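Being a predicted model, the structure only gives us computed values, none of them experimental.
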Amino acid sequence: MRLMTRTALALVAVMTVVACDRSIEPTEGPVAPAGAPSEAETPPATAQQAGGLAIEGEGLRVFDAEGAARALPFGTPQETVITAVNATTGGAAPEQSANEECGQGPVQFAQYANGLQLLFQEGEFKGWFLDEAGLTTADGIGVGTSRADLNAARPVEIDPQSSLGIEFTAGDISGFLTAADGSGTVESLYAGDTCVFR
């Protein structure tokens, strides 16, 4: 009986110490086996590594130096978008211009040295166009992507009525190919509003 009492008291003492020690937090989810890379060691996506930018069908996505993402959807204020994109290009300001004759009315452009052109109307982000290799979507689609890789990543529809070239739609983005057959590569990409005369 005395042995059981001592054992019970020892168990209560240990539990009290553990309950009071908040430095040991329980782990959530399964523990990785020894030698397996942790999430922190997993290499991030290219845009995340660069603390950079990804193109999307709904706008843009900016990554900070730690890889945290922030969406810049169409409709975001112009100054917010330009400030965020400037931060990913080392602070380089874009060349800005305007066109009064677009179909949707007067628009403003911000042209970056990396081939990214942003379109704004009435102070809001409305579209983007890309014609140089470098930036990509989260699934790796960018200028220079092969037709085979494009087909593997997304369903692709060619617009046979386009008067501008071999124009395609792939999910929520569109663009142009260098050739209609399997040898073609992505020549340019766009999403949202454009100012193109067809």
Asks: How are the rings of F129 and Y190 set relative to one another: parallel (under 30°), tilted (30 to 60°) or perpendicular (over 60°)?
Replies: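 Rings of F129 and Y190: parallel, under 30°.
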Asks: Indicate the atoms forming the closest heavy-atom contact of C102 with V107, along with that distance.
Replies: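 Minimum heavy-atom contact is SG-CG2, 3.5 Å.
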Asks: Going from CG on L135 to CD1 on I141, what distance comes out if it is rounded to the nearest 0.5 angstrom?
Replies: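 One gets 13.5 Å once the value is rounded to the nearest 0.5 Å.
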Asks: What heavy-atom pair brings T88 and G52 nearest, and what distance separates the two atoms?
Replies: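 Closest heavy-atom pair between T88 and G52: CG2-O, 3.6 Å.
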Asks: For a quick test of reading the model, state the closest non-hydrogen atom pair linking A170 to V156 and the distance between them.
Replies: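 For A170 versus V156, the nearest heavy atoms are CB-CG2, 4.3 Å.
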Asks: At what distance, to the nearest 0.5 angstrom, does NZ of K126 lie from OG1 of T194?
Replies: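 OG1 of T194 is found 13.5 Å from NZ of K126.
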Asks: Could you check if a side-chain atom of V196 sits within less than 4.5 angstrom of a side-chain atom of L164, using non-hydrogen atoms only?
Replies: yes
Asks: How close do A191 and G57 get, heavy atom to heavy atom, and via which atoms?
Replies: CB-O, 3.8 Å
Asks: Is R154 salt-bridged to D172, cutoff N-O under 4.0 Å?
Replies: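 Counted as a salt bridge, because a side-chain N and a carboxylate O are separated by less than 4.0 Å.
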Asks: Is there a side-chain contact between L60 and T76, using heavy atoms and a 4.5 Å cut-off?
Replies: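 Counting from C-beta outward, L60 and T76 never come under 4.5 Å.
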Asks: Is V62 close to L53 at the side-chain level, that is, under 4.5 Å between some pair of heavy atoms?
Replies: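 SC-SC contact between L53 and V62 confirmed.
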Asks: Mind checking whether W128 and L189 have side chains closer than 4.5 Å, heavy atoms only?
Replies: yes
Asks: Do I82 and F74 sit in the same hydrophobic cluster, where Ile, Leu, Val, Met, Phe, Trp and Tyr count as joined when their side-chain heavy atoms come under 4.5 Å apart?
Replies: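 They do share one cluster, since a chain of ILVMFWY contacts under 4.5 Å joins I82 to F74.
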Asks: Roughly how far, to the nearest 0.5 Å, is SG of C195 from CD of E101?
Replies: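 Output value for this atom pair is 8.5 Å.
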Asks: Is the backbone of G142 close enough, under 3.5 Å, to the side chain of T145 for a donor and an acceptor to pair up by distance?
Replies: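 The answer is yes, because a donor-acceptor pair under 3.5 Å joins these two groups.
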Asks: What's the spacing between F120 CZ and F125 CZ if we round to 0.5 Å?
Replies: 6.0 Å
Asks: Less than 4.5 Å apart, any side-chain heavy atom of V143 and any of E132?
Replies: no
Asks: Where do E167 and S162 come nearest, in terms of heavy atoms and distance?
Replies: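 So the minimum-distance heavy-atom pair works out to OE1-OG, 2.6 Å.
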Asks: Could you check whether atom CD of E157 has more than 12 heavy atoms from other residues, nucleotides or ligands sitting under 6.0 Å from it?
Replies: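 It does not: E157 CD has 12 such atoms or fewer within range.
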Asks: L177 and L150: which non-hydrogen atoms are nearest, and at how many Å?
Replies: CD2-CD2, 4.1 Å
Asks: Please evaluate residues D131 and F176 with respect to the criterion side chain to side chain contact (heavy atoms under 4.5 Å, CB included), reporting the C-alpha separation (whole Å), side-chain torsions for both, the decisive distance (0.1 Å), and the verdict.
Replies: CA-CA 10 Å; D131 64 359; F176 294 89; over 6 Å; no
Asks: In Å and rounded to the nearest 0.5 Å, what is the CG to CD distance from L119 to E124?
Replies: 12.0 Å
Asks: With rounding to the nearest 0.5 Å, note down the distance linking CD1 in I158 to OG1 in T169.
Replies: 8.5 Å
Asks: Can you pull the side chain to side chain donor-acceptor pair (under 3.5 Å) pairs that have at least one residue in residues 108-122, sequence neighbours excluded?
Replies: N86-Y112, Q111-Q117
Asks: In terms of hydrophobic clustering (I, L, V, M, F, W, Y; side-chain heavy atoms under 4.5 Å; direct or indirect links), are I166 and F168 co-clustered?
Replies: yes
